[in-house]
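Each remark here refers to the structure printed beneath this line.
Below, chain A is the first sequence line, B the second, and so on; all start at residue 1. Given the structure is predicted, the values throughout are model-derived calculations rather than measurements.
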Amino acid sequence: MIEILRAGPLMTIQDGGRKGFADKGVSQSGVLDNRSMNIVNILLGNRKDEAVIEMTMAGGDFEFQNETFFALGGADMGAQLNGAECRLYTVYRADKGDKLTMGYAQKGCHGYIGFSGGIDVPVVMGSKSTNIRCGFGGFEGRKLAAGDVVSTGAPVSGITDNSYSPETENTDEIRVLLCAQNYMFTQKGIDDFLSCEYAVSANYDRMGCRLEGTAVEAVNGMDIISDAIAFGAIQISSDGMPIVMLADRQTIGGYAKIGAVISTDIPAFVQHKPGEKIHFRAVTLKEAHKLYRKEQKFLRKLSEKCQKGR
Amino acid sequence: MTSDTALSVVFGDKISDEINDRVNSLADSLKKSGIKGITELCPSYCSLTISYEPDIISVNRLKRKINGILRKEMSVRSEDSVLWEIPVCYGGKYGEDLDDTAKLLGITPQELIKRHSQTVYKIYMLGFLPGFAYLGGMDSSIAAPRLSSPRKRIPAGSVGIGGQQTGIYPMSSPGGWRLIGTTPVDVYNLKREEPILYSAGDYLRFIPVSEEEFESIKLQIESGTYTYKSDEAVRK
């Protein structure tokens, strides 16, 4: 168990998302950065989509109430365990009374803390994720606050030496797949979208991230007959600005979509803070799937390596 | 192509029963097919979006499977469809905007209730909120513009009219629709095995009930003794 002494602005329990209920109008929810969640969980001996705490822009302060193994991922929030610096993607052991403190995100936007044995909250429609808008899932359907005590599961043995060193990559280039609705846009609109730089605006939450830059020109308005919105889908709003639709997006929407961020680049995209700049590059479905399989292979390898230690 | 993990089958470009029936038929057939690697089916007015895991099923194999189903006689959705009877207490504290809306339309409140409850509505899709049904078939003579300033909180079960549409708020939410009544039926209930009462492709009819009946049904629902009124395989 872990007590929240001080909560950051948005700390919620999220897992791999609520899948299979979109036909009932239920949003997917889940972490924004799947990759960070996957790695943290693998290091801790958990299922790769087990629930973690997602912290946006800043972390919180925590006190452990019993022996717990935890790992951090995603944004670096300068975490310290009893005053000693904690590295990302490294398993730490904490004892009763130990304090984990965090500050603002120095690099990245969303930080994650996972626990060996996972988080013990009710499974609602197949997921532990918090749906804040509808008030269910996660911890009482809401964001975490000071005084909350979160139950963690029984730790998995033989994980204490697990760690992972992420490679530094250029993450400002975000790869996209242009989608069938791009006939709604002029060639100039598509060219601008792929060649201009866009800044992440302050209008960024778990539902979507609005970008600022060159307006994307449409042939005749952005309205379509409402249809499904994929994770990473890029809607163009009525003023021509792209909005990347994220975990808490509604299942269905009525704006035209120019394309979608490929799933392996969503983690890099969401880790940009407001004000930071990105640009898009189009890839083919074949390339996107190659990258997808490569990512799955990487996660399998990491999982095998972590299991060998046991 | 919708994303690298979702593709859409588009059946047309207008809102019609015929197009929407095909959307929901394909969704049903795919649900029954048990194809591995499909993670989500999201039907909307004219298209079905199918999410998949590219490392479990390749896009080409998935497309072949879908085409196979489309070539064969698809199951006729309406045979599996359910007609849900939704009791509604109209007006008064249950529907604060009933009188104003009737006045705006130049009809009596009774006439508005009659026109609203004599139609069998088709559920084209669910979205916006869990269990929020986009209904087709409303009598266009009772279409009324949304309120100029939306309410901050509309209680769960409220039945409203917004433009050419009518619907039920499954949970409390902000909203700008004109509220004409309330149903005691819990369209959305996490404690129920199926948290969302109905599915896209089903039909729905509003049954006017008195205040006493409303309160009685509400008690039955709370105690778990209410039988949700539905008829299998009812066609329009």
Side-chain angles (χ1 to χ4, degrees), chain A residues 17-28 122 124-125 131 133-137 141 175-182 224-234 250-254 257 259-266 283-293 295-297 300, chain B residues 1-8 10 12-16 19-20 23-24 27-28 31 38-51 53-56 58-60 124-134 170-174 187-188 190-191 194-201:
Chain A
R18 195 164 275 116
K19 288 169 187 164
F21 291 89
D23 59 339
K24 299 284 189 177
V26 180
S27 295
Q28 186 180 333
V124 181
M125 288 185 257
N131 183 326
R133 188 164 81 109
C134 300
F136 65 80
R175 288 165 287 194
V176 296
L177 193 68
L178 294 176
C179 82
Q181 277 169 13
N182 66 29
I224 55 158
I225 295 177
S226 294
D227 68 359
I229 310 171
F231 194 0
I234 306 165
Q250 293 180 12
T251 52
I252 279 166
K257 294 164 274 286
V261 176
I262 65 170
S263 40
T264 50
D265 278 9
I266 292 174
V283 294
T284 63
L285 183 63
K286 209 172 166 184
E287 285 172 85
H289 282 173
K290 206 173 148 190
L291 291 161
Y292 183 96
R293 283 191 294 268
E295 174 77 3
Q296 296 305 314
K297 194 176 164 191
R300 270 198 307 274
Chain B
M1 214 60 56
T2 303
S3 79
D4 63 337
T5 56
L7 62 84
S8 297
V10 182
D13 58 0
K14 62 176 194 286
I15 299 174
S16 81
I19 290 170
N20 187 254
V23 171
N24 286 310
D28 265 21
K31 220 174 270 175
I38 293 180
T39 55
E40 193 102 68
L41 297 168
C42 190
S44 60
Y45 286 119
C46 310
S47 64
L48 177 70
T49 298
I50 302 152
S51 300
E53 293 174 305
D55 58 334
I56 311 269
S58 74
V59 67
N60 289 329
Y124 281 129
M125 60 183 188
L126 303 176
F128 170 58
L129 288 170
F132 186 91
Y134 289 81
M171 57 176 64
S172 69
S173 150
V187 168
Y188 159 89
L190 283 180
K191 292 193 189 100
E194 282 282 351
I196 312 295
L197 193 63
Y198 33 61
S199 301

Worksheet item: How long is the span from the OG atom in A/S27 to the CZ atom in B/F128, to the nearest 0.5 Å?
Response: 10.5 Å
Fill in: Minimum heavy-atom distance between B/T5 and A/Y292, given as atom pair plus value
CG2-CE1, 3.9 Å
Worksheet item: A/I262 versus chain B, heavy atoms under 4.5 Å apart: side chain, backbone, both or neither?
Response: both
Worksheet item: Got a salt bridge between B/D55 and A/K297, using NZ or NE/NH1/NH2 to carboxylate O under 4.0 Å?
Response: no
Worksheet item: Between B/Y45 and A/I225, which heavy-atom pair has the shortest distance, and what is it?
Response: CD1-CG2, 3.5 Å
Worksheet entry | Which atoms of A/A180 approach chain B - backbone, side chain, both or neither, heavy atom under 4.5 Å | both
Worksheet item: What part of B/Y188 gets closer than 4.5 Å to chain A, counting heavy atoms only: side chain, backbone, both or neither?
Response: side chain
Item to complete: Measure A/R175 against the heavy atoms of chain B and call it side chain, backbone, both or neither at under 4.5 Å.
Response: neither
Discussion item. Between A/L285 and B/V59, is there a side-chain heavy-atom distance shorter than 4.5 Å?
Written reply: yes
Discussion item. Testing the basics here: between B/L126 and A/I252, what is the closest heavy-atom pair and its distance to 0.1 Å?
Written reply: O-CD1, 3.4 Å
Worksheet item: Between B/E40 (side chain) and A/G20 (backbone), is there a donor-acceptor pair under 3.5 Å?
Response: yes
Fill in: Engaged part of B/P54 at the chain A interface, taking heavy atoms whose separation is under 4.5 Å
both
Worksheet item: Would you say the side-chain atoms of B/D4 pair up with the backbone N or O of A/S263, donor to acceptor, closer than 3.5 Å?
Response: yes
Worksheet item: Considering only heavy atoms, which portion of B/L41 lies under 4.5 Å from any heavy atom of chain A: side chain, backbone, both, or neither?
Response: backbone
Worksheet item: Rounded to the nearest 0.5 Å, how far does OG of B/S173 lie from CZ of A/R133?
Response: 6.5 Å
Item to complete: Count the heavy-atom pairs under 4.5 Å between each of B/C42, B/G127, B/S8, B/G131 and chain A, then report the option with the highest count.
Response: B/C42
Discussion item. Do B/T2 and A/C179 make a side-chain contact, defined as non-hydrogen atoms from C-beta onward lying under 4.5 Å apart?
Written reply: no
Discussion item. Which heavy atom of A/A228 sits nearest to which heavy atom of B/S44, and what is that distance?
Written reply: N-OG, 4.2 Å
Practice prompt. First locate atom NZ of A/K24, then atom CE of B/M125, and finally report the distance between them rounded to the nearest 0.5 Å.
Written response: 15.0 Å
Item to complete: Hey, could you give me the CD1/OG distance between A/I229 and B/S3, rounded to the nearest 0.5 Å?
Response: 12.5 Å
Discussion item. Is B/K31 in contact with chain A via its backbone, its side chain, both, or neither, using a 4.5 Å heavy-atom distance?
Written reply: side chain
